[in-house]
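These notes are about the structure you will find just below.
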Protein chains: 2
Amino acid sequence: MENFKLFLNSLTPVSDGEFENYSQYFKGRSLPKNNYFAVQGKICHEVAFIKKGTLRTYYLNEKSEEVTSCFCTQNNLTTSYKSFVSQQPSELSIQAIEDTELLVIDYRDLQNLYQKSSVWQNIGRIIAERQYMVMEQYASVLCNETAKEKYLRLLKEEPSILNKASINDIASYLGITRRTLSRIRKEITK
Amino acid sequence: MENFKLFLNSLTPVSDGEFENYSQYFKGRSLPKNNYFAVQGKICHEVAFIKKGTLRTYYLNEKSEEVTSCFCTQNNLTTSYKSFVSQQPSELSIQAIEDTELLVIDYRDLQNLYQKSSVWQNIGRIIAERQYMVMEQYASVLCNETAKEKYLRLLKEEPSILNKASINDIASYLGITRRTLSRIRKEITK
DNA sequence: TGTATTAAAGGACAAATGTCCTCGAAATTA
DNA sequence: TAATTTCGAGGACATTTGTCCTTTAATACA
């Protein structure tokens, strides 16, 4: 729980008392490699804090190819955000790409938390704001950088992903084809 | 004010009383064409509801070219979100591309509102959630659609932009060059 | 262990997009 | 009004990226 507390405190001050009172809403869960946290077509009822492990978020495009939109790692949150917030069927699937340990809260409990505690209400808003900023950054990168620049950025900013995810998934995450990624990797190693 | 009330109610129910109590925090402002609502390098202290008009959000890339990241239109909000939320200097500039009428609230007043009213706290979270979903959609489009598909989408979903913005701005908004946009436009008219 | 399946690299060619440039029309300004 | 500037269209060519395919190695499995 300690890392979760640190995570929350990095968003807004949370007193020990406030944390003790409400952290019980979050339940531990193990998610072995290749298991799913969320499935396309089903409503995503939960948000998870990742104690350990890595998850991949993807959807199927019109050609039924998996497009990876996100890798979520230790000490971060994951959920099919849109589905969770709107309680509509998810367009995304979220799958563990290594053995993963989560702290999970469901929608109803979270709404309860929001009701009971303005600190949590505040946390909810700040998280939404952060999610937005991350996505804005992602969009800007996709829009303005070349394939090579995007790969170099990944290499620099999220190197741990490179050992854990397949070439296929990394390519679709960068919005390029496997062939292009292969070319870039060759060019870089020389 | 009527449209603003409708806008808020589309997010979450806001009683007439709640609206009367707090809508005074929002001040009217005219922004003639080409004037700025936010300027790169300066902290953006305000959020605006657009009663009338259109604004363009852009930043300068490493080649000092203007990259348009957003067009905001009537009955929507605009702000340099990241700057506003974090109260740090803005990477974005926001400029009116036609004569515009705004309802504006500043950062301190909004924090006040959040303190005073859980309805507004709720609105703040929901807006952040919405912003996120819009940005996610934008990122997905940039990542997966070809230049032509993106242009056709703009034509369908935001046709009013086409009369108001320059070819240059539209191209950078779509993440393509002027040349490519010119080719697409030619191909479509035939 | 041997067979089948999957994953990654890369060749050959095609398509999409970018770069640099010129031209003419429209808008601006002196 | 004439000169200047800005804007959009589009030619010529280069570069990037994608598509399709083959090969090889790694992995799964029966």
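The structure presented is a predicted model; accordingly, all values stated were derived computationally and were not measured.
- Rounded to whole angstrom, the span from the CG atom of B:Asp169 across to the P atom of D:dG8 amounts to 8 Å.
- In this structure, the CG atom of A:Asn34 is 14 Å from the P atom of C:dT6, given to the nearest Å.
- Which of C:dA8, C:dG10, D:dT19 sits closest to the side chain of A:Ile167 comes down to C:dA8.
- Taking only side-chain nitrogens and oxygens, A:Thr180 never comes nearer than 4.0 Å to OP1 or OP2 of D:dT17.
- A side-chain N or O of A:Ser117 and one of A:Glu18 form a donor-acceptor pair less than 3.5 Å apart.
- A:Arg178 has its CZ atom 12 Å from the P atom of D:dC20, to the nearest Å.
- Closest non-hydrogen pair, A:Cys44 versus A:Gln87, comes out as O-NE2, 3.3 Å.
- Ranking D:dA12, C:dA12, C:dG11 by closeness to the A:Arg183 side chain, first place goes to C:dA12.
- Note: CD (B:Glu65) to P (C:dC20) measures 10 Å, nearest angstrom.
- Here D:dA9 presents its C1' atom at 15 Å from CD of B:Glu187, a figure rounded to the nearest Å.
- Using a 4.0 Å heavy-atom criterion, one finds that B:Arg185 contacts the sugar-phosphate atoms exclusively.
- Residue A:Lys186 is classed as a sugar-phosphate contact, given heavy-atom separations below 4.0 Å to backbone atoms only.
- The nearest whole Å value for the distance from the CD atom in B:Glu149 to the C1' atom in D:dG18 is 14 Å.
- Using a 4.5 Å cut-off between side-chain heavy atoms of Ile, Leu, Val, Met, Phe, Trp and Tyr, with links allowed through other members, A:Phe19 and A:Leu6 fall into different hydrophobic clusters.
- Checking each of A:Phe84, A:Tyr25, A:Tyr114 against A:Tyr107 for a ring pair (Phe, Tyr, Trp, His ring centres under 6.0 Å) leaves exactly one that passes, namely A:Phe84.
- Side-chain proximity of A:Arg179 to the nucleotides D:dG10, D:dT17, C:dG11 is greatest for C:dG11.
- A continuous path of Ile, Leu, Val, Met, Phe, Trp and Tyr side chains, each step under 4.5 Å between heavy atoms, connects B:Leu142 with B:Ile184, placing both in one hydrophobic cluster.
- A straight line from CD1 of A:Ile188 to P of C:dA9 spans 12 Å, rounded to a whole angstrom.
- The stretch residues 156-166 of chain B does not touch DNA chain C, since none of its heavy atoms comes less than 4.0 Å from the strand.
- Formation of a donor-acceptor pair under 3.5 Å by the A:Gln111 side chain with backbone atoms of A:Arg108 is not found in this model.
- For the pair B:Leu174 CG and C:dG18 P, the interatomic distance rounds to 11 Å; values are reported in whole Å.
- In this structure, of D:dA9, C:dG10, D:dT17, it is D:dT17 that holds the atom nearest to the side chain of A:Ala147.
- Within the 4.0 angstrom heavy-atom criterion, no nucleotide atom of any strand lies near B:Leu181.
- No side-chain donor from either of B:Tyr58 and B:Glu65 sits under 3.5 Å from a side-chain acceptor of the other.
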